[in-house]
Amino acid sequence: MEPRNAPRPKRMRGVLHLRRCRMKTLSSEDYHASPLYRIRHSAAHIMAAAVLEMFPEGKVAIGPPIEHGFYYDFDLPRQLTQEDLEKIEGRMRELIASRLDFQYQEITPEEGQALFADQPYKLELIHDILERGADEYGEKTEHPQLSIYKSGAFTDLCRGPHVQNSREIHPKAVKLLNIAGAYWRGDSDRPMLQRIYGTAWEKPEELREYLDWMEEVKKRDHRRLIKDLDLVSFHEEAGPGLAYWHPRGAIMRKTIEDFWRERHLEGDYDFVYTPHIGKAWLWETSGHLDFYRDSMYAPMEIDEQEYFIKPMNCPFHILIYKTQLRSYRELPLRWAELGTVYRFEKSGVLHGLLRVRGFTQDDAHIICTPEQIESEALRVLRFSLSLLRAFGFEQIEAYLSTRPEKAVGEPARWEQAQESLLRAINAENLVYQVDEGGGAFYGPKIDLKIKDALGREWQLTTIQFDFNEPERFDMTYVGEDGQEHRPYMVHRALLGSLERFFGILVEHYAGAFPVWLAPEQARVIPIADRHVEYARQVEAQLRKAHLRVKTDDSSARMNAKIREAQLMKVPYMLVVGDQEVEAGAVAVRLRSGNNLGALPVADFITLAQKAIEEHALE
RNA sequence: GCCGACGUAGCUCAAUCGGCGGAGCAUCCGCCUUGUAAGCGGAGGGUCGUGGGUUCGAUUCCCACCGUCGGCUCCA
């Protein structure tokens, strides 16, 4: 399915200025056993101690280490401020410097209840540990044992581990970051607590590096870049979470869509188009209305019928399937659609392009026989990997989610589907994790997560079996035996949604897109007005060669024009002055700052086309 | 949806402890005609998020709403 000479991105370098992310990335078991884990856990206790000194009547909840630091949740008499944070941090440094011992002690339930008599959250934890064998993080333990850690005046219910003494914590490698609200036990029906996030490292240099990394994350924030680069906007007066694609963003999206369609044709998919709205019947039949009515846009009434804007494409594809009596001979069917759907996401969760209310899924449904699922699973996985790699994502991991307790569909079908997925993962030598029982009620799935240039994980692809809808819509095909059979159906979105994928691309490339994606691939920069005519000739030649090109004919000086093009991250700046006019050439400057010198126009075109063809980064 | 912070020109951000609102960049006009990241000068531009309230007077104080941001919950 994948062409032998499929373009592969070049290794990342040059223009991205990627500092290798040297932050430690440990596997979760390694992390739990690491000094860093103990440092962070202990820093959380010290923070709690400092907070309780400030608010003796304060109640403490839980305070675990997390990926890049730690947090602690509090129930306090008043709202914390930024100034409080600084004070707490200062006090933490003093406490750390006072060389506190962390003393472990196992206690009886009675002791625990006495010790934490005025700490209702701790009492609840004690109760849970004893009654349900679940520790403060909800993890099950075989032999519930209460334990505490004492450090100075502060004692916390905790299983540890911790540092032996606070001198193992470098006071200058600890920093408090922000205050946020968080529900007690993550339950939206329970009290809202105040959470303080902090970070801690072994050495001050590591803290510095982490803060630099955060700075880089901030610089790459797609919400900033889509504005600066004139790609996409949002309009509160027209509805939050709804993206407007400007010309520069739209041409990129078109490039992505065209590439996606081309690949799908090569992959033997067919395309379908379906409506944006449909009667309630569709969602009643699929079963989604019961579950997701609240997150669907309210229905509109037409001829006394409820119509909904579609939150998904599958029922529409199923209706197309059911227009004919289907034979096993025509399976598998692979029907793809860039289907725009709307979901009424809660206001607090919207986040630039990464979480929107209207988005376009790169959706497809694969309908096949039981005999075909093995090969189809492998095929779709391979297909997805090749697509993701074509966009420059090389680090890809798989997550297999299997049958949950409550599930529809015959266990044998689940079994078969799961095994097919697992074999596909192995055939592709993917690093993977299995989430036992983590599948949706209607079928097992593989998710693919990529790592971006900053080492952050993003889930893009999802490949999901569905044992629910074929049943509910009574999909059938006639088998070799002349009998009706239930087909297997697989939903899959490879990029996820175009909006979200685009946002991730923006952050991954920090706006400096590879030439094939760049909205403006080249900008011709005449040095003086007398060069504008030649510049336009160059522009016309490039456009004829299908390059996306503009001429900067403003009266600004060349330096200003270059700066402008740099800021817009245009890959090729083509400076033309007397010499170039004379020679029929362009002086090529790359956005990395590298100067290729003067090239004949035809040579530049060849160079640019090669970069586009190869999906090269510079 | 929940907790908190924030919302001033196209953008980034000042200011007014209640008394006719400012800068840089951008835009427009003019001069300059330029060799690899900002040439110079001038002009225009704001219902101070929206709606109420308090007040002689509100951008400033109070309330509600909308939106954004940091999280939490959620994500077919």
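Base contact: A:S295 has a heavy atom under 4.0 Å from a base atom. Within the 4.0 angstrom heavy-atom criterion, base atoms lie near A:E580. A:Y292 comes within contact range of at least one nucleobase, with a heavy-atom separation under 4.0 Å.
A donor-acceptor contact under 3.5 Å is not formed by the side chain of A:N559 with the base of B:U36. Contact of A:R190 with B:C72 (side chain to base): no donor-acceptor pair of N or O atoms is detected under 3.5 Å.
Between A:Y183 and A:D221, the one whose closest nucleotide on RNA chain B sits nearer the 5' end is A:Y183. Of the residues near RNA chain B, A:Y442 and A:D187, the one whose nearest nucleotide (by heavy atom distance) lies more toward the 5' end is A:D187.
The backbone N or O of A:H68 sits less than 3.5 Å from a side-chain atom of A:T199, completing a donor-acceptor pair.
One side chain, A:Q361 or A:N313, offers a donor N or O that lies under 3.5 Å from an acceptor on the other.
The aromatic rings of A:H222 and A:H351 lie tilted to each other, with the angle between the two planes from 30° to 60°.
Straight-line distance from the CZ atom of A:R195 to the C1' atom of B:C2: 13 Å, rounded to whole Å.
In the set B:A38, B:C72, B:U12, the nucleotide with an atom closest to the side chain of A:A560 is B:A38. The A:E236 side chain lies nearest to B:G67 when the options are B:A37, B:A76, B:G67. Taking every side-chain heavy atom of A:K346 into account, B:G1 is the closest of B:G70, B:C11, B:G1.
Stretches of at least 3 consecutive Watson-Crick or G-U wobble pairs, with each checked distance under 3.5 Å, appear in RNA chain B as B:1-7 with B:66-72, B:10-13 with B:22-25, B:27-31 with B:39-43, B:49-53 with B:61-65.
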